[in-house]
Amino acid sequence: GLAKNTSLTTLHVSLTFNNNSDLSEDWAPGLGDGLAKNTSLTTLHVSLTFNNNSDLSEYWMRGLGYGLTKNTSLTTLHVSLTLDNKSRLSEYWMRGLGYGLAKNTSLTTLHVSLTLNNDSDPIEDWTRSLGYGLAKNTSLTTLHLSLTFNNNSGLIQDGMPGLDDGLAKNTSLTTLHVSVTFNNNSDLDEDWMPDLGYGLAKNTSLTTLHVSLTLNSGLSEFWMRGLGDGLAQNTSLTTLHVSLTFNNNNGLSEYWMDDLGDGLEKNTSLTTLHVSLTFNNYSDLSKNWTRGLGDGLAKNTSLTTLSLTVNNYSCLIENWTHYLSDGLAQNTSLTGLSLTINNYSDLSGDWTRGLGDGLSKNMSLTTLSLTFNNYCYLSGVWIRGLCDGLAKNTSLRVVNITVNSTYLKVSEEWFNCICNSLAESNTITALSFTFNDHSGTSEVLEHELRKHFADCKLSPSVNLTVSLYGEAAVS
């Protein structure tokens with residue numbers, strides 16, 4: 001079998017239990033013995049699904065853990081567990097894996113996925129064994145932790161104990177992905193992230209962190225406190241991705257990003273920050289949510305790249321970029337800014353005014369990329385603030401503007417504003433303007449573009465390219 005095989009490099013083990021009894025503790029020793037003696041396997045996938053009404057024994061992973069302690073060839077391990085029942089998960093179910101991880105010297109990548117499809121709370125101590133393994137392991141460089149809760153209960157306070165100590169003591173991990181999805185009707189406790197934050201504060205090897213959160217209920221303004229505290233004290237992290245998706249009609253606290261801003265303000269190692277927000281609801285986006293981000297930008301001296309994506313289903317009316325103004329104006333390290341707006345309603349509000357004010361005063365930005373994926377009309381005064389900022393900025397060298405529009409109706413003011421601001425710039429050396437019209441009447445759009453840009457007195461060094469959907473470029 002596996003013990004004597006010398007050619008197998010990848011193994012997938014998938015088991016589904018459709019019964020009302022416990023999983024015997026003796027099923028896994030065979031896999032463990034084989035893994036312990038095998039010298040060729042590099043990738044192992046273990047997937048377990050329980051469609052029953054009984055508890056999961058703590059001993060089921062002992063065999064796998066034993067195999068890890070002896071194996072010297074395995075580099076990638078995927079462990080996936082799905083519970084479709086109304087019973088509790090033993091807090092010690094990961095003990096075997098933690099023990100094996102602590103003694104293994106070859107594993108570099110670990111994926112742990114837990115899905116609970118029930119009406120009960122997850123036991124809070126299940127991550128202690130994982131933390132123990134992390135603290136002792138010296139080979140792991142990448143960890144993916146994915147948690148999905150499809151139930152009617154919330155994540156209990158301090159939901160990841162042990163992970164803090166594991167991260168704090170680990171010296172090999174460079175990349176961490178934490179994804180938490182709540183498809184339920186209950187709130188997320190504001191203190192669920194302290195363990196991650198504490199570990200981040202003490203860790204000295206981590207360079208990249210991805211945090212993804214999806215939920216269907218209200219979010220407290222304090223939920224990011226742990227991450228902010230960790231970011232403030234960490235000295236190794238260079239790249240941070242924060243992705244938030246809200247699938248509800250409840251209000252989002254307008255100050256939820258304050259803690260992230262505090263961390264950004266004190267951090268001295270972070271160079272790249274990506275923030276992606278998706279609002280799958282029909283409520284307005286508060287103008288104050290960027291306050292923390294703006295305050296952090298104003299005082300941060302290490303960040304060079306900022307990427308902000310907003311997927312919104314309601315009107316972008318308020319000046320939500322207001323707080324970005326001071327941040328951009330005072331920041332002296334940022335060289336690249338990317339803003340993507342995926343809007344399914346109206347862009348007509350004066351929401352770029354703060355962005356424009358910040359651009360007009362910033363002296364470090366060299367590259368600006370703006371993408372507007374709009375499914376309504378590109379009319380209104382929303383472009384004015386941006387145009388004023390582009391005209392007054394003295395550091396920008398490269399500007400990329402992409403507009404994907406479903407409707408043709410674009411006001412004449414829109415074209416004039418863009419043209420005049422670009423003509424006034426004395427520093428822009430490379431300009432890419434892409435307009436993808438999906439309305440089916442691109443010949444009208446081409447006529448408008450030619451008319452408005454023909455008299456635009458752009459610098460000779462500026463290369464203006466306008467592309468139409470399904471059409472040749474317009475020079």
Side-chain angles (χ1 to χ4, degrees), residues 174-178 193 196-197 200-201 203-212 224-244 255-277 288-310 320-341 352 354-371 386 389-390 393-400 427:
T174 59
T175 303
L176 174 61
H177 295 254
V178 178
M193 205 184 276
L196 176 62
L200 182 62
N203 184 278
T204 58
S205 63
L206 204 65
T207 60
T208 303
L209 174 61
H210 295 253
V211 177
S212 176
M224 203 180 280
R225 180 171 295 171
L227 179 60
D229 291 344
L231 186 61
Q233 299 178 60
N234 182 276
T235 58
S236 64
L237 200 67
T238 59
T239 302
L240 174 61
H241 296 255
V242 178
S243 176
L244 306 177
Y255 303 116
W256 64 270
M257 199 179 276
D258 284 5
D259 289 308
L260 179 62
D262 290 341
L264 185 61
E265 175 183 330
K266 299 173 183 177
N267 182 277
T268 58
S269 63
L270 200 67
T271 60
T272 302
L273 174 61
H274 297 266
V275 178
S276 176
L277 305 176
N288 294 323
W289 70 270
T290 57
R291 184 182 68 173
L293 180 59
D295 291 344
L297 278 178
K299 298 181 180 180
N300 182 278
T301 58
S302 63
L303 200 67
T304 60
T305 302
L306 173 63
S307 174
L308 182 61
T309 300
V310 177
W320 58 270
T321 62
H322 168 72
Y323 287 104
L324 287 179
S325 175
D326 291 340
L328 287 175
Q330 297 179 51
N331 184 279
T332 59
S333 62
L334 202 65
T335 60
L337 174 62
S338 175
L339 176 63
T340 300
I341 302 294
T352 65
L355 177 63
D357 290 342
L359 287 175
S360 67
K361 299 173 184 178
N362 182 277
M363 300 180 65
S364 63
L365 273 176
T366 59
T367 302
L368 175 65
S369 297
L370 303 172
T371 301
L386 175 61
L390 287 174
N393 183 276
T394 59
S395 63
L396 280 174
R397 298 291 184 270
V398 179
V399 176
N400 302 306
T427 62

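Count residues from 1 along the sequence.
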Counting N and O atoms only, with roles assigned by atom type, does the side chain of Ser236 sit under 3.5 Å from a partner on the main chain of Leu206, one being a donor and the other an acceptor?
yes
Judged by atom type as modelled, is there a donor-acceptor pair below 3.5 Å linking the side chain of Thr427 to the main-chain atoms of Arg397?
no
For Thr207, is there any backbone N or O sitting under 3.5 Å from a side-chain donor or acceptor partner on Thr238?
yes
Distance col, row Ser325:OG vs Leu297:CG, nearest 0.5 angstrom, shows 11.5 Å
Pairwise distance CG(Leu273) to CG(Leu334) - rounded to 0.5 angstrom:
9.5 Å
Distance-only, no hydrogens or angles: does the Asn234 side chain make a donor-acceptor pair with backbone N or O of Leu200 under 3.5 Å?
yes
Donor-acceptor contact below 3.5 Å, side chain Asn300 vs main chain Glu265:
no
Mind checking the CG-CG spacing from Leu386 to Leu368? Nearest 0.5 Å is all I need.
7.0 Å
To the nearest 0.5 Å, atom CG of Leu390 lies from atom CG of Leu355 at 8.0 Å
Interatomic spacing from CZ in Arg225 to CG in Leu227 - rounded to 0.5 Å:
13.0 Å
Is there a donor-acceptor pair closer than 3.5 Å between any side-chain N or O of Thr367 and the backbone N or O of Gly336?
no
Could you state the interatomic distance from NZ (Lys361) to CG (Asp326), rounded to the nearest 0.5 Å?
7.0 Å
Test Val275 against Thr309 for side chain to side chain contact (heavy atoms under 4.5 Å, CB included), laying out the working first.
CA-CA 6 Å; Val275 178; Thr309 300; over 6 Å; no
Which of these passes side-chain contact (heavy atoms from CB on, under 4.5 Å) with Leu337: Leu365, Asn362, Leu370?
Leu365
Is there side-chain contact between Asp262 and Leu231, with heavy atoms separated by less than 4.5 Å?
no
Tell me the closest heavy-atom pair linking Ser333 and Ser364, and the distance in Å.
N-OG, 3.9 Å
With no hydrogens and no angle check, is any side-chain donor or acceptor of Thr208 less than 3.5 Å from a backbone partner on Thr175?
no
